[in-house]
Amino acid sequence: MARFTTDWFSHVIPLWKEYAVPRVVRGDSDGLEVGTYEGRSALWTLQYLLPQSHRRLYCLDLWEEEERRSRFQANVAARGVDQRIVQLQGPSSESLRKLPEDSKFDWIYIDGSHEARDCLTDAVLAFSRLSPGGVLVFDDYQWNARGRVHHPPRVAIDAFLHMWGNQIEILHIGYQVMISKSAKTPVTSQK
Ligand SMILES: C[S@@+](CC[C@H](N)C(=O)[O-])C[C@H]1O[C@@H](n2cnc3c(N)ncnc32)[C@H](O)[C@@H]1O
């Protein structure tokens, strides 16, 4: 049985069922998660968004505490999905740059660093790997930082939505922000 110490995820399940499931299940590519912790969102993703056995989930995390990483590994093994996980430990800004050159994802979940500059870096690097029609979700848009970070994720997410506005469809804005990549992305002017 999978075991978790914290639940940051269950409250978004209705949202994911409404917006992500219909778009992601029909795809054929893998998924990518920035911020996996003990694997709660990852296990749900594999079961409901990427149910086909050939689809994998790339899980990126610092896993600073060995206990968290062990629990994650035990959880995916308990559910029998360990072979469908690609585990990349380290700062996401580095792991995202090490992804296989030709990798494309139908699903991307950004739930890693709560520092806006990291969140923006994650978004920019990850979005370039999102398939047309694929879904990208940001967590923590309405997180109350109370001074714990220099800038909270909202600043980064707003900047991203603004700058990439002509390449995305906004599906939902609330505590999470859900977007889909437009089928045709306009050619960027070099001027
Ligand atoms: C809120 S938890 C993720 C929860 C998980 N998605 C779930 O729903 O169960 C955030 C995770 O992001 C990871 N993290 C924080 N900063 C990171 C960074 N710069 N690169 C990679 N992972 C990071 C932390 O180690 C932590 O495990």
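Atoms within each ligand, like the ligands themselves, are counted from 1 in listed order.
Sorted by first and then second residue, the side-chain hydrogen bond (donor to acceptor under 3.5 Å, both in side chains) pairs involving residues 117-128 (not counting sequence neighbours) are S92-D122, S113-D118. Judged as a side-chain hydrogen bond (donor to acceptor under 3.5 Å, both in side chains), the pairs with a partner in residues 94-104 (not counting sequence neighbours) are, in order, S103-R129.
Distance CZ/F9 to OH/Y37: 16.0 Å, rounded to 0.5 Å.
Protein residues with a heavy atom closer than 4.0 Å to ligand 1 are W8, F9, G35, T36, Y37, R40, S41, D61, L62, G90, P91, S92, Y109, D111, G112, S113, listed by chain and number.
Residues that satisfy the side-chain contact (heavy atoms from CB on, under 4.5 Å) test with D28, not counting sequence neighbours, are H54.
Remark: the Q142 side chain and the Q176 side chain contain no N/O donor-acceptor pair separated by less than 3.5 Å.
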Salt bridge (charged side-chain N to carboxylate O under 4.0 Å, His left out) between D30 and R55, intermediate numbers included: CA-CA 5 Å; D30 295 333; R55 295 173 88 185; 5.8 Å; no

